Amino acid sequence: MLTPMKQTAVFLREFVRNFHTTGAILPSGRFLARALAQNVAPQPDGRRICEVGPGTGSVTEQIIKRLGPNDRLDLVELNDAFVERLRRRLADDPLFRPAAERIRIFHCPVQEMLDRADDRYDLMISGLPLNNFSAELVAEILDVLLKLLRPGGVLSFFEYIAIRRMRGLVSGPSERRRLRGIDAALKRLFANRRVKHDRIWLNVPPAWVHHVWL
C-alpha cells in the first residue's frame, strides 16, 4: 500500500522534474480530494467516471471509496512515473485492488481521449495544473473535458485560491497577459452554466473546487 509519505516523496520528485505538468508540490490533501470526488455516488445503472491527472492517486482513493458496483473509472495520466505507480496500486494496494477490473489507465494527454474513449462520461474530475499552462492550452483542455462529458454530466476541477492574482503582482507583462487569458477561459466556462464553487481552506495551499454541469 502506498503510504502518504511515499506518495509525497514520489510527488516531490516529479514536481522537480516536471513542474510544468505536475504543478503542485504536494499531493491533494484529503479535504481537497473529498471535495473533488463528492459527486461520485452509486447509481442503479452505474456511471462512467474519468479522472484526468490522478498523479499518485490521492483523489483516486476517494473516488474508489465512493464507486458503486456498476461504476467504471478511467484514469488519464501523462507522467510515466505516476502511471507506473498507479499500475502498482491497482495490483497491490488493498483499496485499489478490489476495483481493478473496473479501472483503466490511459497513458496519454487528455486530448487523445477524444479518439480513445469508447463513450462519454457522467463525471470528469481533473487535477491538471491549469494555471501552469498557456491560455490557449487551457481553453483547449477545457473544451476537450466538456466534449468528453455526457449532457447533464459534471466537470470538477481545482485551483489554488488567488493564485493568478498573486502571480500577476510579481510578474511581467507577458505573464500577466497569460494569466488574464486563463481567467477569461474560466469565465467562458462558467458563463450560462450551473456552477458550484467550494472553498477548501484545510489544504496546502487553500484551494477552490469548481463543479460545472453541462
Side-chain angles (χ1 to χ4, degrees), residues 7 10-11 14-15 18-24 26-29 32-40 47-64 66-67 71-87 89-90 96 99 102-150 153-160 182 185-186 189-190 193 195 198 200 207-214:
Q7 284 197 56
V10 173
F11 214 90
E14 294 309 308
F15 172 81
N18 303 290
F19 168 74
H20 181 71
T21 53
T22 302
L26 300 172
S28 299
L32 175 56
R34 289 171 185 169
L36 283 164
Q38 67 181 259
N39 294 305
V40 180
R47 293 197 291 179
R48 288 176 51 80
I49 302 160
C50 181
E51 183 187 2
V52 182
T56 57
S58 57
V59 177
T60 316
E61 293 176 6
Q62 298 300 322
I63 296 173
I64 289 174
R66 293 163 171 77
L67 283 180
D71 291 339
R72 314 288 296 188
L73 174 61
D74 288 346
L75 304 175
V76 182
E77 177 57 63
L78 184 62
N79 182 285
D80 295 348
F82 290 157
V83 167
E84 180 58 27
R85 182 64 63 177
L86 291 166
R87 287 173 177 161
R89 297 196 75 179
L90 287 175
F96 281 55
R102 295 181 286 132
I103 298 174
R104 299 183 298 180
I105 298 175
F106 291 85
H107 188 183
C108 65
V110 68
Q111 293 91 327
E112 290 187 13
M113 293 302 291
L114 292 173
D115 295 320
R116 299 182 66 174
D118 46 22
D119 200 355
R120 287 190 285 178
Y121 296 96
D122 300 289
L123 298 174
M124 295 290 302
I125 299 170
S126 173
L128 296 178
L130 297 179
N131 284 302
N132 282 20
F133 301 153
S134 70
E136 294 76 15
L137 182 55
V138 170
E140 178 186 351
I141 289 172
L142 293 176
D143 181 62
V144 168
L145 294 176
L146 291 180
K147 287 178 177 176
L148 289 168
L149 271 179
R150 289 176 175 168
V154 186
L155 165 62
S156 299
F157 66 101
F158 82 97
E159 61 175 331
Y160 298 123
I182 294 172
L186 291 176
L189 172 69
F190 298 148
R193 290 190 173 98
V195 181
D198 295 328
I200 312 301
W208 284 109
V209 174
H210 307 298
H211 307 279
V212 183
W213 279 257
L214 187 60

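Model, not experiment: these values are computed from the prediction.
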Between Asp118 and Arg104, is there a salt bridge with N-O shorter than 4.0 Å?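 Judged by the 4.0 Å cut-off on N to carboxylate O distance, Arg104 and Asp118 do form a salt bridge.
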Would the distance check show the side chain of [X] and the main-chain N or O of [Y] forming a donor-acceptor pair, the cut-off being under 3.5 Å?
| X | Y | value |
| --- | --- | --- |
| Gln38 | Ala35 | yes |
| Arg89 | Thr56 | yes |
| Glu77 | Gly55 | yes |
| His211 | Leu155 | no |
| Asp122 | Arg48 | yes |

Under the rule for salt bridge (Lys or Arg N to Asp or Glu O under 4.0 Å), what residues qualify as partners of Arg47, not counting sequence neighbours? none
For Asp119, all residues meeting salt bridge (Lys or Arg N to Asp or Glu O under 4.0 Å), sequence neighbours excluded: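 Only Arg150 meet the salt bridge (Lys or Arg N to Asp or Glu O under 4.0 Å) criterion with Asp119.
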Is there a side-chain contact between Ile125 and Asn39 (heavy atoms, below 4.5 Å)?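 The answer is no, as the side chains (C-beta and beyond) never meet within the 4.5 Å cut-off.
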Is any side-chain heavy atom of Met113 closer than 4.5 Å to a side-chain heavy atom of Phe106? yes
Does the plane of the ring in Trp208 sit parallel, tilted or perpendicular to the ring in His210? Use 30° and 60° as the thresholds.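 Rings of Trp208 and His210: parallel, under 30°.
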Give the minimum heavy-atom separation between Val83 and Ile105, together with the two atoms involved. CG1-CG2, 4.2 Å
